Trainee: 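What follows is a structure written as structure tokens; I'll ask about it next.
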Amino acid sequence: MEVIIQQNSQQLSVIAAKIIRDAIRAKPDLVLGLATGSTPIGLYKLLVQMHQEKDLDFSRVVTFNLDEYIGIPQDHPQSYHTFMAKHFFDHVNIPKKNQFIPQNIVDNHVVFCQEYEDSIRSSGGIDIQVLGIGKDGHIGFNEPGSSFASRTRMATLSKSTLEANAVHFKDDINAVPEMAITMGIGTIMEAKQCLLLASGSAKKDAIAKTIEGPIGAMVPASALQMHPKTVFLIDEAAASGLSEIDYYKRAYNNKIKYIQPE
Ligand code: F6R
């Protein structure tokens, strides 16, 4: 587990974008797991910029999104299909056939979820999974109480998540879809590397519990303590509930100095 603390979210996006850029250069057919929400927008902006200015080639990259709401059309302004097109897919050269996002309907969801898992597996597995975190500690839409062995499935959003996401639905909590299809925690844990980004004081409790608290289903992201290669990229505000801030900063400085110069 690596904890990188930076002043602000822009610096987090820069580090995450460089990790992904280097990974694509080393493996052009990289399999990327993607998140939506406010957190990764800066990261997508930088990747788009790298594509446009520095010829970062996504033509062989394969992507799997973590989740999608059930019950709103794919072209709804708040669907994750729309989000991904707007912030990323419309601006880079990832072939459509390589872009996987969960379906937005209930029909055949069991079959769909199994096929989603099969597609991840047959693509060789996710190399880098980008994650945000909910105030309640969720990753994907794996809410507190989700099994660490869970796989892609239909799940119900917690009250905390409905409240947090209402801002995208004109502050009308009743307009937020109550269900989603989400990769499971077991699915996420199989990614070779996870990059979890978090910024802002609203995430401070979730981050403290995730990184330093006991591992348990009530804090879904705490499963990442058992992941062999997770990088937590957090800003000062999100880090402010951690007790070992000084240690994480020293460890990162030493890494840059002695182990992996930037
Ligand atoms: C989105 C997702 C969610 C978000 C989380 C944080 O695909 O999987 O877990 O990452 O709800 O959302 P923001 O970034 O909007 O605070």
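Atoms within a ligand are numbered from 1 in the order they appear, just like the ligands themselves. All figures in this text were calculated on a predicted structure; none of them were measured in a lab.
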Trainee: Short list, please: which atoms of ligand 1 are under 4.0 Å from a heavy atom of K203?
Mentor: 6 (C), 13 (P), 16 (O)
Trainee: Side chain, backbone, both or neither: which applies to L66 and ligand 1 if a contact is any heavy-atom pair less than 4.0 Å apart?
Mentor: side chain
Trainee: Evaluate the side-chain proximity of F83 to L34: yes if any heavy-atom separation is below 4.5 Å, no if none is.
Mentor: no
Trainee: Report whether I4 and I139 are members of the same hydrophobic cluster (ILVMFWY, side-chain heavy atoms less than 4.5 Å apart, transitive linking).
Mentor: no
Trainee: Using a side-chain heavy atom cutoff under 4.5 Å and only I, L, V, M, F, W and Y, what cluster partners does Y258 have?
Mentor: I259
Trainee: Tell me whether E236 is salt-bridged to K249, with the criterion being a basic N under 4.0 Å from an acidic carboxylate O.
Mentor: yes
Trainee: Considering the heavy atoms of A35, write down every atom of ligand 1 situated less than 4.0 Å from one of them.
Mentor: 7 (O)
Trainee: Which part of I133 is near ligand 1, with near meaning a heavy atom under 4.0 Å away: side chain, backbone, both or neither?
Mentor: backbone
Trainee: Show which atoms of ligand 1 fall inside a sub-4.0 Å distance from at least one heavy-atom site of G37.
Mentor: 14 (O), 15 (O)
Trainee: Checking a contact table here: which protein heavy atom is nearest atom 5 (C) of ligand 1, and how many Å away?
Mentor: H138 NE2, 3.4 Å
Trainee: With heavy atoms of T39 as the reference, note each atom of ligand 1 found under 4.0 Å away.
Mentor: 13 (P), 14 (O), 16 (O)
Trainee: Is there a donor in the side chain of H109 and an acceptor in the side chain of Q103, or the other way round, less than 3.5 Å apart?
Mentor: no
Trainee: Would you mind listing the cluster partners of L46? Hydrophobic ones only (ILVMFWY), side-chain contacts under 4.5 Å, chaining allowed.
Mentor: V14
Trainee: Please work out which of the three classes, parallel, tilted or perpendicular, describes the rings of H138 and F141, given edges at 30° and 60°.
Mentor: perpendicular
Trainee: If we only consider heavy atoms of K135, is any one of them less than 4.0 Å away from an atom in ligand 1?
Mentor: no
Trainee: Specify whether F58 and H51 have parallel, tilted or perpendicular ring planes, treating 30° as the upper limit for parallel and 60° as the lower limit for perpendicular.
Mentor: perpendicular
Trainee: Among all protein heavy atoms, pick out the one at the shortest distance from atom 8 (O) of ligand 1; state its residue, atom name and that distance to 0.1 Å.
Mentor: D67 OD2, 2.7 Å
Trainee: Taking N or O atoms only and a 3.5 Å limit, does T36 qualify as a polar contact for ligand 1?
Mentor: yes
Trainee: Considering G132, G134, P40, G140, which one's heavy-atom position lies nearest to atom 3 (C) of ligand 1?
Mentor: G140
Trainee: Does any N/O atom on S38 come nearer than 3.5 Å to any N/O atom on ligand 1?
Mentor: yes
